[in-house]
Amino acid sequence: MSSDSMQGTGFARPPVPPVGTRPSGSRSNADCLMCRSVPKMQGSQFCSDGCKKNAHKQAPLLLEVYSWDPKFYDIANQFSTTWKEETRPPPVIKIYKVVNPKKVEEAYEDYKKGVEKQGKFTSRGMAPGNENRRWHGTERKCNIGDSQNNLKPCNLPGCCVCAILRTSYDVRLSTAGWFGKGIYTTATSSGSNEYVGPSPPGSNYRAMFLNRVVVGNAYILNKQQESLKGPPKGFDSVIANANQSQGLAYDELVVYKNEAIRASWLVIYG
C-alpha cells in the first residue's frame, strides 16, 4: 500500500464530494501533478521517475491537486469525516502535494524501513512501519496556498507553515506539550484546527498539513505526562486517546524524531 493511500482513524459523517467539475478536454482525472499531461503511475502522484525526479529538484514545491482528481476527494473526505465539532466542516478550497527535497524524503524512508524491520508490521496487515496519515495545525503568517501566485515559502518570523515546507519538522523548535517535547499530530482535523489560528492578513482561508507519520510500536497513554522526552524503550511513538475526564478532547500522536514525520499535503480551507 502506498503512503499516499494511508488514512487515519475515521469518524461517521457523510462524505463531502469534491468541488468543481472536470473541464472538457482534460486528459484524465488522474494526470501527473508535474507534467499534467500523462496519467499517474499506480500508487504515485507522478507519471514517471523522470517527473518525480524533476519535482524533487525544485523542492520544496507545492503542486496543486485539482478538484476533479480522486486524490482531492480522498483528502477532502478525510478532512470532513474527522471533523468532530458540532458545526459543519469548513469547505476545502485547495489541496497541494508537498514535495520535499530528496534528502529529506530519504531520511524518512530509511527511518521507516528500520522501524519496519524491527516491528514487522506488514506481516500483521499494516503499512510498512505502521505508517499513518495525521493532521498537524500550525500558524501561517503569509498567503501561501491561496492561489497559484502564492506557492513559494516565505521567510516571515513565526510563519510555521513555511518553515515546515522549507526544512521539514524540527523537534527542537517544538513547544513542550502534555506529552513532552515532541511533534504532535492527530487523526482529528478539528483538533488540529485549534492550533491553526486566524486567517493571515489579506486571506479568508486557513491551512493545515496532512502528514505521513511512522507510528511503529505506539505507547498508549490516557493522561498527560509532560516529563516525557521520548517513548519508553521498545516503543516508537506515543498515542494519547481522547479522554474528557483528563481534559483530552481528541486523540494525539506524538513522535520525538524529525525523521518520523513528513508533510505530505497542504490543505487550504475556509
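- In this structure the side chain of L210 reaches within 4.5 angstrom of the side chain of Q78, judged on heavy atoms.
- Within a 6.0 Å sphere centred on CZ of R172, other residues, nucleotides and ligands contribute 12 heavy atoms or fewer.
- N132 places a side-chain N or O within 3.5 Å of a backbone atom of N130 that can act as its donor or acceptor partner.
- By the side-chain contact (heavy atoms from CB on, under 4.5 Å) test, P153 pairs with P60, I144, C162, L165, R166, sequence neighbours left out.
- The only member of T82, D251, N193 that meets side-chain hydrogen bond (donor to acceptor under 3.5 Å, both in side chains) when paired with T188 is D251.
- Tracing side-chain contacts under 4.5 Å through hydrophobic residues (I, L, V, M, F, W, Y), one never reaches V104 starting from M34; they form parts of separate clusters.
- In this structure P90 satisfies the side-chain contact (heavy atoms from CB on, under 4.5 Å) test together with F79, W83, R206, Y269, sequence neighbours excluded.
- With contacts defined as side-chain heavy-atom distances shorter than 4.5 Å, the pair V215/F121 does not qualify.
- Within the structure, the ring pair (Phe, Tyr, Trp, His ring centres under 6.0 Å) test picks out the following pairs touching residues 183-219 (sequence neighbours left out): Y219-F235.
- Annotation: salt bridge (Lys or Arg N to Asp or Glu O under 4.0 Å) contacts of K52 (sequence neighbours excluded): none.
- To the nearest 0.5 angstrom, Y108 atom OH is 13.5 Å from N258 atom CG.
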Could you walk me through whether I93 and N204 pass side chain to side chain contact (heavy atoms under 4.5 Å, CB included), step by step? CA-CA 11 Å; I93 307 301; N204 295 317; over 6 Å; no
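- The list of salt bridge (Lys or Arg N to Asp or Glu O under 4.0 Å) pairs with a residue in residues 143-155, not counting sequence neighbours, reads R140-D146.
- Within the 3.5 Å criterion, the main-chain N or O of L253 finds a donor-acceptor partner in the side chain of T185.
- Remark: K257 engages no residue in a salt bridge (Lys or Arg N to Asp or Glu O under 4.0 Å) (not counting sequence neighbours).
- For the salt bridge (Lys or Arg N to Asp or Glu O under 4.0 Å) test, no residue two or more places apart in sequence or in another chain qualifies with E194.
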Between E116 and K113, does the salt bridge (charged side-chain N to carboxylate O under 4.0 Å, His left out) criterion hold? Intermediate values first, please. CA-CA 5 Å; E116 171 58 29; K113 289 177 183 176; over 6 Å; no
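- Side-chain N or O atoms of T81 include one that pairs as donor or acceptor with a backbone N or O of N77 at under 3.5 Å.
- Under 4.0 Å is where a charged nitrogen must lie from a carboxylate oxygen, and between E105 and R212 at least one such pair does.
- With a 4.5 Å cut-off on side-chain heavy atoms, M41 and D49 count as touching.
- For Y66, the ring pair (Phe, Tyr, Trp, His ring centres under 6.0 Å) partners at least two apart in sequence or on another chain are W68.
- For the pair T167 (side chain) and A163 (backbone), a donor-acceptor distance under 3.5 Å is present.
- In this structure a side-chain-to-backbone donor-acceptor pair under 3.5 Å is missing from R134 to I261.
- In this structure, F72 and V92 approach most closely via the heavy-atom pair CZ-CG1, 3.9 Å.
- Taking the charged nitrogens against the carboxylate oxygens, K97 and D69 have no contact shorter than 4.0 Å, which rules out a salt bridge.
- In this structure L173 satisfies the side-chain contact (heavy atoms from CB on, under 4.5 Å) test together with D170, sequence neighbours excluded.
- The main-chain N or O of G180 is never found under 3.5 Å from a side-chain atom of Q225 such that the two would form a donor-acceptor pair.
- Within the structure, ring pair (Phe, Tyr, Trp, His ring centres under 6.0 Å) pairs that include any residue of residues 144-174 comprise H136-Y169 (at least two apart or interchain).
- Within a 6.0 Å sphere centred on CD of Q118, other residues, nucleotides and ligands contribute 12 heavy atoms or fewer.
- Residues passing the side-chain contact (heavy atoms from CB on, under 4.5 Å) test with Q42, sequence neighbours excluded: none.
- Between E252 and F179, the closest heavy-atom pair is OE2-CE1, 4.0 Å.
- Summarising the geometry, atom NZ belonging to K40 is positioned 12.5 Å from atom SG belonging to C51; distances are rounded to the nearest 0.5 Å.
- For the residue pair L156 and C142, the shortest heavy atom distance occurs at CD1-CB, 4.0 Å.
- Evaluation of the salt bridge (Lys or Arg N to Asp or Glu O under 4.0 Å) rule for E64 yields K94 as partners, not counting sequence neighbours.
- K103 and E106 are not joined by a salt bridge, as no carboxylate oxygen comes within less than 4.0 angstrom of a charged side-chain nitrogen.
- Contact check for L151 versus Y96: side-chain heavy atoms found under the 4.5 Å cut-off.
- The CG atom of N150 sits 10.5 Å away from atom CG of L62, with the distance rounded to the nearest 0.5 Å.
- Side-chain atoms of N100 come within 3.5 Å of backbone atoms of A263 as a donor-acceptor pair (strictly under, hydrogens ignored).
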